[in-house]
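Below is one structure, written out as structure tokens, with a few remarks after it.
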Amino acid sequence: MKGTKIFGLAALSALAVTVGCTMALLPFIPQKPLPPGTFQMQFTRKIVGPVDLTINGVRVPVTQKNKKAQVLIVSGLSQGKHTYFIASHLDIIGPDFGEFEMDSDKGVFQVHFAQKLKATLYDTGETLAPKPEGISGVTAVLE
């Protein structure tokens, strides 16, 4: 009787470890195929925002749908190589800059590390930067 309990406990703990390890190995993938001209950033955890986004040296306004978001979708980009810079005064995002190549037949998907700051970097967020000028036809949504 005692051996059965020990065997059952060992089997249950092995099952828990197996399920836990397989859950941690699930990759980040887009929920649906990305249309051409779309750049999607998936963050490892929800970020508070607001987010300052620069694409090809031009600041792009970012609309935030929810109080906390895990995905940034930029649409309306042209084919070719693009550079970006992303920053937030309440979150750490990494890599915060880089480049990607936009193809004519599909969008680009990247995973970025995100961590909440317990302190504010540089300012309190009350001083607003000038409104981003944006790029014609390009929209950015934080969901």
Side-chain angles (χ1 to χ4, degrees), residues 4-143:
T4 306
K5 287 182 182 178
I6 292 173
F7 179 73
L9 184 61
L12 187 61
S13 63
L15 178 67
V17 167
T18 303
V19 169
C21 289
T22 57
M23 297 277 294
L25 297 177
L26 294 176
F28 284 101
I29 55 172
Q31 294 177 351
K32 55 188 175 187
L34 298 176
T38 303
F39 174 55
Q40 180 175 335
M41 282 187 203
Q42 172 83 38
F43 302 109
T44 55
R45 64 182 343 172
K46 292 187 176 187
I47 61 172
V48 178
V51 171
D52 189 28
L53 176 67
T54 304
I55 296 181
N56 299 333
V58 180
R59 288 183 60 223
V60 176
V62 178
T63 309
Q64 188 166 349
K65 284 189 172 180
N66 304 326
K67 190 173 183 179
K68 291 186 177 183
Q70 196 164 1
V71 177
L72 175 68
I73 301 172
V74 182
S75 57
L77 293 169
S78 61
Q79 290 181 2
K81 192 173 278 193
H82 298 281
T83 59
Y84 68 90
F85 175 76
I86 185 167
S88 173
H89 65 274
L90 295 175
D91 304 286
I92 296 173
I93 300 170
D96 58 353
F97 67 94
E99 61 181 41
F100 59 92
E101 182 81 29
M102 186 62 65
D103 292 335
S104 62
D105 58 341
K106 62 181 179 175
V108 177
F109 177 78
Q110 290 184 354
V111 177
H112 289 254
F113 171 78
Q115 182 176 350
K116 183 176 176 9
L117 287 173
K118 293 192 180 200
T120 303
L121 283 181
Y122 306 116
D123 65 19
T124 61
E126 295 169 2
T127 57
L128 298 174
K131 186 176 178 181
E133 56 273 8
I135 302 172
S136 168
V138 175
T139 59
V141 179
L142 193 59
E143 346 183 292

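When a residue number appears, it is its place in the shown sequence, counting from 1.
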- Task: Starting at CG of Asp52, measure out to CD1 of Ile93 and round the result to the nearest 0.5 Å.
- Result: 10.0 Å

- Message: Looking at Phe43, is its backbone amide N or carbonyl O close enough to the side chain of Gln70 to form a donor-acceptor pair, meaning the two atoms are under 3.5 Å apart?
- Response: yes

- Heavy-atom closest pair, residues Gly76 and Val138: O-CG2, 3.5 Å

- Which of parallel (below 30°), tilted (30 to 60°) and perpendicular (above 60°) describes Tyr84 and His112? perpendicular

- Nearest 0.5 Å please: distance from the CG atom of Leu77 over to the CD1 atom of Ile55. 5.0 Å

- Message: Between Thr44 (side chain only) and Ala114 (backbone N and O only), is there a donor and an acceptor less than 3.5 Å apart?
- Response: yes

- Query: At what distance, to the nearest 0.5 angstrom, does CD of Glu101 lie from NZ of Lys81?
  - Reply: 6.0 Å

- If only atom types and distance count, is the side chain of Gln64 paired as donor or acceptor with the main-chain N or O of Val48 below 3.5 Å? yes

- Query: Between Pro36 and Ser104, which heavy-atom pair has the shortest distance, and what is it?
  - Reply: CB-O, 3.4 Å

- CD1 of Ile135 to NE2 of His82, rounded to nearest 0.5 Å, is 8.0 Å

- Do the non-hydrogen side-chain atoms of Thr38 and Ile73 ever get within less than 4.5 Å of each other? yes

- Write down the atom of Gln40, the atom of Pro30, and the distance for their closest heavy-atom approach. OE1-CB, 4.4 Å

- What heavy-atom pair brings Ile86 and Pro95 nearest, and what distance separates the two atoms? CG2-O, 4.3 Å

- Between CZ of Phe100 and OG1 of Thr83, what distance do you get to the nearest 0.5 Å? 8.0 Å

- Ser88 and Pro50: which non-hydrogen atoms are nearest, and at how many Å? OG-O, 3.2 Å

- Roughly how far, to the nearest 0.5 Å, is the CG atom of Leu142 from the NZ atom of Lys68? 12.5 Å

- Least distance between heavy atoms, Val58 atom then Gly134 atom: CG1-O, 3.5 Å

